[in-house]
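Working notes for the structure below.
Here is the naming used below: chain letters follow the sequence lines, and residue numbers restart at 1 for every chain.
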2 protein chains.
Amino acid sequence: MKDCFSPDFDPLAANAEDARAARIYAALAHEARLRILRHLILQDACCCKEIVSTVDLAQSTVSQHLKVLVQAGLVDYRPERQSSRYSVNSQALNAIQTHLNGLVNDLADFCSGQRK
Amino acid sequence: MKDCFSPDFDPLAANAEDARAARIYAALAHEARLRILRHLILQDACCCKEIVSTVDLAQSTVSQHLKVLVQAGLVDYRPERQSSRYSVNSQALNAIQTHLNGLVNDLADFCSGQRK
DNA sequence: ATCGTATATCGCCGATTTACGATGAAAGAT
DNA sequence: ATCTTTCATCGTAAATCGGCGATATACGAT
């Protein structure tokens, strides 16, 4: 547990996790990508074409969105002979959940006046 | 609980929550705004100047970032005589946490092969 | 060898974001 | 009345995003 109340604690110190978290939040910040991600969650290891068929976007656009998700680490990519396979990276999803929980918990701690 | 396994469930149906969630994720998708938000969490009801002093950015830039957070609903804004007051909207923070939990839980349910 | 399919990438564009300095408004201080 | 402080907004420039069609690659099928 972070010691947020020690005298030299600086909540604004360069936070390496924030940089990574910001990239993941950015990947989540588009309705189409949320749809794609949810599809991948419920139907693992999809190919690009299948996703195109469920989203009203051009194939090239979907490919771009998938690339964003992959670069953020939220989705794993396995190029296959005929059709590539995309699947959710549950670790990354858990990581961003943890990051967000950290914010919310800080708030909860503050509201309850809790000290270490 | 959403019935994700009913025959006519469509995970890709237009999801009104996704639009709002995407806006909030976008607000979180910047390191400076994460810093600002964390500062507001640990030190409620800050004025703009105080935040400027903790982030290496121009006052106008900070003001813009605050505007993004306010428009996303993550931060409340109360213009004051001398110095405006910004404070975290815990409801919005909880809402986005719930949205993210929804994704993660869907994944967990899928992995465990759980059915209703 | 040619065709069809699936996919990634390129080039282009309009829109949006991010940053800054400058300016103006509101209010307290002198 | 005149400064000073605080803050939002405007204008601007650079960068990035989001979308599309076109194209290139890879491979199975004919």
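- The side chain of B:Ala58 lies closest to C:dC20 when the candidates are C:dA19, C:dA8, C:dC20.
- When the local axes at the two ends of the helix from C:dA1-D:dT30 to C:dT30-D:dA1 are compared, using 5 base pairs at each end, they differ in direction by 10° after rounding to 10°.
- Using a 4.0 Å cut-off, some side-chain N or O of B:His65 falls inside it from OP1 or OP2 of C:dA19.
- In terms of position on DNA chain D, the residue among A:His30 and B:Gln64 whose nearest nucleotide sits closer to the 5' end is B:Gln64.
- The CG-P distance, from B:Leu66 to C:dA19, rounds to 13 Å in whole Å.
- Listed nucleotides D:dA22, D:dT9, C:dA8 differ in distance to A:Ser63; the shortest reach to its side chain belongs to C:dA8.
- Note on A:Arg85: nothing from the nucleic acid sits closer than 4.0 angstrom, heavy atoms only.
- Hydrophobic clustering (side-chain heavy atoms under 4.5 Å, transitive across Ile, Leu, Val, Met, Phe, Trp, Tyr) groups A:Leu42 together with A:Val55.
- Distance from the side chain of A:Leu57 is smallest for D:dG19 among the nucleotides D:dG19, C:dT9, D:dC7.
- With rounding to whole Å, A:Asp56 atom CG is found 15 Å from D:dG18 atom C1'.
- No N or O donor and acceptor, one from the side chain of A:Thr61 and one from the base of D:dG18, sit under 3.5 Å apart.
- Between B:Arg78 atom CZ and D:dA8 atom P the separation is 13 Å, expressed in whole Å.
- Annotation: side chain of A:Arg20 is not in contact with side chain of A:Glu17 (no heavy-atom distance under 4.5 Å).
- Contact annotation: B:Tyr77 reaches the phosphate of D:dA8 (side-chain N/O to OP1 or OP2, under 4.0 Å).
- Looking at A:Gln97 and A:Asn101, their side chains come closer than 4.5 Å, going by heavy atoms from C-beta outward.
- Looking at A:Ile36 and A:Val75, their side chains never come closer than 4.5 Å, going by heavy atoms from C-beta outward.
- Between A:Leu66 and A:Cys48, the closest heavy-atom pair is CD1-SG, 4.1 Å.
- Here the side chain of A:Thr98 pairs a donor or acceptor atom with the backbone of A:Asn94 at under 3.5 angstrom.
- The distance from atom CD of A:Glu50 to atom C1' of C:dT7 is 15 Å, rounded to the nearest whole Å.
- Between the P atom of D:dC17 and the NZ atom of A:Lys67 lies a distance of 11 Å, rounded to the nearest Å.
- Side-chain contact between A:Val104 and B:Ile41 is absent, with no heavy-atom pair separated by less than 4.5 Å.
- The shortest side-chain heavy-atom distance between B:Gln59 and B:Lys49 does not fall under the 4.5 Å cut-off.
- Residues from residues 20-29 of chain B placing a heavy atom under 4.0 Å of any atom in DNA chain D do not occur.
- Between the side chains of A:Arg85 and A:Ser87, not a single donor N or O lies within less than 3.5 Å of an accepting N or O.
- Side-chain N/O atoms of B:Tyr86 include none lying less than 4.0 angstrom from OP1 or OP2 on D:dT6.
- Regarding contacts with the backbone of C:dT7, every side-chain N or O of A:Ser84 stays at 4.0 angstrom or more from both OP1 and OP2.
- Rounded to an integer number of Å, the gap from B:Lys49 NZ to D:dT4 P is 14 Å.
- Under 3.5 Å, the side chains of A:His99 and A:Tyr25 contain a donor-acceptor pair of N or O atoms.
- Here the side chain of A:Ser83 is nearest to one of C:dA22, D:dC20, C:dA6, namely C:dA6.
- Counting distance only, with no hydrogens placed and no angle test, the side-chain atoms of A:Gln59 and the base atoms of C:dA8 include a donor-acceptor pair under 3.5 Å.
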